[in-house]
Enquirer: 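What follows is a single structure, and I will ask about it in a moment.
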Protein chains: 2
Amino acid sequence: MSLRYALLAILRVGALSGYDLQKQFSLSVGHVWHAPDSQIYPELRKMEQEGLVEAEEQTRGERGRRRLYHVTDAGDRAFLDWMAAPLDYQRVRDPAHLRAAYLETTTPEAAREFLARHITVWSAELAQWEGELARIDALSNPMLVRRLAVTAEEDRERTIAYKRFAYEGLVERARGEIEWARRGLDLVDRVS
Amino acid sequence: MSLRYALLAILRVGALSGYDLQKQFSLSVGHVWHAPDSQIYPELRKMEQEGLVEAEEQTRGERGRRRLYHVTDAGDRAFLDWMAAPLDYQRVRDPAHLRAAYLETTTPEAAREFLARHITVWSAELAQWEGELARIDALSNPMLVRRLAVTAEEDRERTIAYKRFAYEGLVERARGEIEWARRGLDLVDRVS
DNA sequence: ATCTTCATGTAAATTGTTACATGATTTT
DNA sequence: AAAATCATGTAACAATTTACATGAAGAT
């Protein structure tokens with residue numbers, strides 16, 4: 001149930017419509033927490049009912065409408081409370097390592113394909129996250145720039161440092177997965 | 001939906017009751033795919049309906065009963081098909097890295113607590129997995145021994161090697177998380 | 001005109017979590 | 001006799017995924 005906190009994290013920086021939020025989301029927090037728009041719209045409505053956000057109804061042209069969501073004080077508090085509370089860790093659920101433990105039951109070709117795909121998938125993630133790191137350093141990430149604009153001078157360094165720290169962790173994870181799968185490919189060659 | 005394949009992987013080695021399966025599960029695949037008994041019993045029933053397993057009804061004492069589940073040919077094929085098919089990767093959903101990206105919004109104390117807990121949680125996982133590696137090497141893991149007993153001589157080395165490979169990956173992951181969180185603690189000290 | 005982007009959702013199905021519920025058998 | 005373990009589930013809820021559905025506004 002971190003979705004609402006991910007949404008609050010973005011909205012706290014400034015009001016957005018569901019649509020814009022969803023785009024910002026996929027460009028920032030979405031790297032760490034995926035959610036499709038069909039989940040975001042209903043969640044915003046629920047958060048509105050619970051008083052965490054307020055919708056400012058706007059019209060667009062003749063009949064177009066949009067709802068601009070603002071974080072309320074209660075929403076702000078909810079976010080800060082969540083940040084200060086212990087994180088609840090979910091149990092591991094890792095289909096790739098599950099399969100890896102049983103690779104002897106399939107053909108070497110299927111095993112190689114699985115590992116090659118693992119490398120492809122994690123390389124894509126790695127590229128994303130390294131790109132994000134570069135954008136953080138170049139201050140060219142729009143979300144980060146928006147955040148820095150509403151951040152007091154003395155807090156800017158920390159803000160950047162933590163964001164960097166988060167992405168570094170993701171980059172290392174991806175590198176680890178890729179190295180592991182490479183070793184797996186060697187292993188397949190060795191034992192088959 | 002890897003749960004059923006995790007269950008099949010265990011049952012393929014030999015028939016078990018839901019209760020024993022659940023215990024084996026938590027001692028082996030459970031490290032990679034957690035599932036509570038309240039999920040395992042219904043899943044077994046569903047798999048029975050779909051013809052992947054067959055239940056042998058047994059009595060225990062006067063009125064006690066148990067259902068011993070055997071994998072059917074269809075179940076065996078389903079498992080092998082799954083092993084040979086491309087794995088579907090879920091999108092990232094990582095509350096720890098999500099929170100890490102926003103650590104500047106909380107107090108240094110809360111940030112430290114979060115990171116310390118991250119280290120604790122992953123150290124526990126690490127200990128589990130290193131223990132598992134040691135048990136693989138010592139051939140003292142009961143599940144592995146059962147599996148080797150039904151494995152042809154020439155396939156034993158591969159079986160062990162892949163199991164080792166899977167756990168090595170998990171160990172490295174845990175080490176990475178711990179190192180990352182340690183660096184995070186240094187960072188908190190530096191910026192606050 | 002038509003294509004893209006803006007804009008907001010509903011519905012159904014699946015998956016997973018938490019709590020509850022029950023009772024037999026074996027061991028101390 | 002009590003405690004531990006064996007044994008099997010149901011119920012309610014929460015979270016997630018996938019697919020569907022609709023239409024306005026702005027750009028080419």
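All values below were derived from every heavy atom in this structure, side-chain atoms included, with hydrogens, water molecules and symmetry-related copies excluded. Just so it is clear: chains get the letters A, B, ... in the order the sequence lines come, proteins before strands, and each one is counted from 1.
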Enquirer: Counting primed atoms plus P, OP1 and OP2 as sugar-phosphate and everything else as base, spell out the protein contacts along nucleotides 12-19 of chain D at 4.0 Å heavy-atom distance: B, S or - for each nucleotide, 5' to 3'.
Expert: ---SSBBB
Enquirer: Tell me: CZ of A:R60 to C1' of D:dA24, nearest whole Å?
Expert: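 My rounded result for the distance is 7 Å.
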Enquirer: Which heavy-atom pair separates A:F165 from B:W180 by the least distance, and what is that distance?
Expert: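 The pair with the smallest heavy-atom distance is O-NE1, 2.9 Å.
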Enquirer: For B:R67 and A:G61, find the nucleotide of DNA chain D closest to each by heavy atoms; which residue's nucleotide sits nearer the 5' end?
Expert: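 With B:R67 and A:G61 compared, the 5'-side residue is B:R67.
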Enquirer: Search all heavy atoms of B:R67 against all heavy atoms of B:A55 and return the closest pair with its distance.
Expert: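 That closest heavy-atom pairing would be NH2-CB, 3.1 Å.
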Enquirer: Grab the two heavy atoms, one from A:P42 and one from A:D37, that are nearest each other, plus how far apart they are.
Expert: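 The pair with the smallest heavy-atom distance is CD-O, 4.2 Å.
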Enquirer: For a quick test of reading the model, state the closest non-hydrogen atom pair linking B:G51 to B:A74 and the distance between them.
Expert: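 Minimum heavy-atom separation between B:G51 and B:A74: O-CB, 3.7 Å.
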Enquirer: Stepwise, does the salt bridge (charged side-chain N to carboxylate O under 4.0 Å, His left out) test hold for A:E177 with A:R173?
Expert: CA-CA 6 Å; A:E177 293 288 343; A:R173 161 103 205 259; 3.1 Å; yes
Enquirer: Please figure out whether A:Y69 or A:K23 has its closest DNA chain C nucleotide nearer the 5' end.
Expert: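 Its nearest nucleotide being more 5', the pick is A:K23.
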Enquirer: Below 4.0 angstrom, N of the basic side chain to O of the carboxylate: do A:R190 and B:E157 qualify?
Expert: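 The answer is no: the pair does not qualify as a salt bridge.
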Enquirer: Give the ring-plane orientation class for A:H31 versus A:Y167, where under 30° counts as parallel, over 60° as perpendicular and anything between as tilted.
Expert: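 Judged by the thresholds at 30° and 60°, the geometry between A:H31 and A:Y167 is perpendicular.
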Enquirer: In whole angstrom, give the distance that lies between atom CD of B:Q22 and atom C1' of D:dA7.
Expert: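 Atom-to-atom, B:Q22 to D:dA7, this comes out as 9 Å.
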Enquirer: Verify, without hydrogens or angle tests, whether A:R147 (side chain) and A:V13 (backbone) share a donor-acceptor contact under 3.5 angstrom.
Expert: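 It does not hold such a pair.
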Enquirer: Taking 5' to 3' order, which nucleotide of DNA chain C is first and which is last to have an atom within less than 4.0 Å of a heavy atom in chain B?
Expert: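 Range of nucleotides within reach of chain B: C:dT15 to C:dT25.
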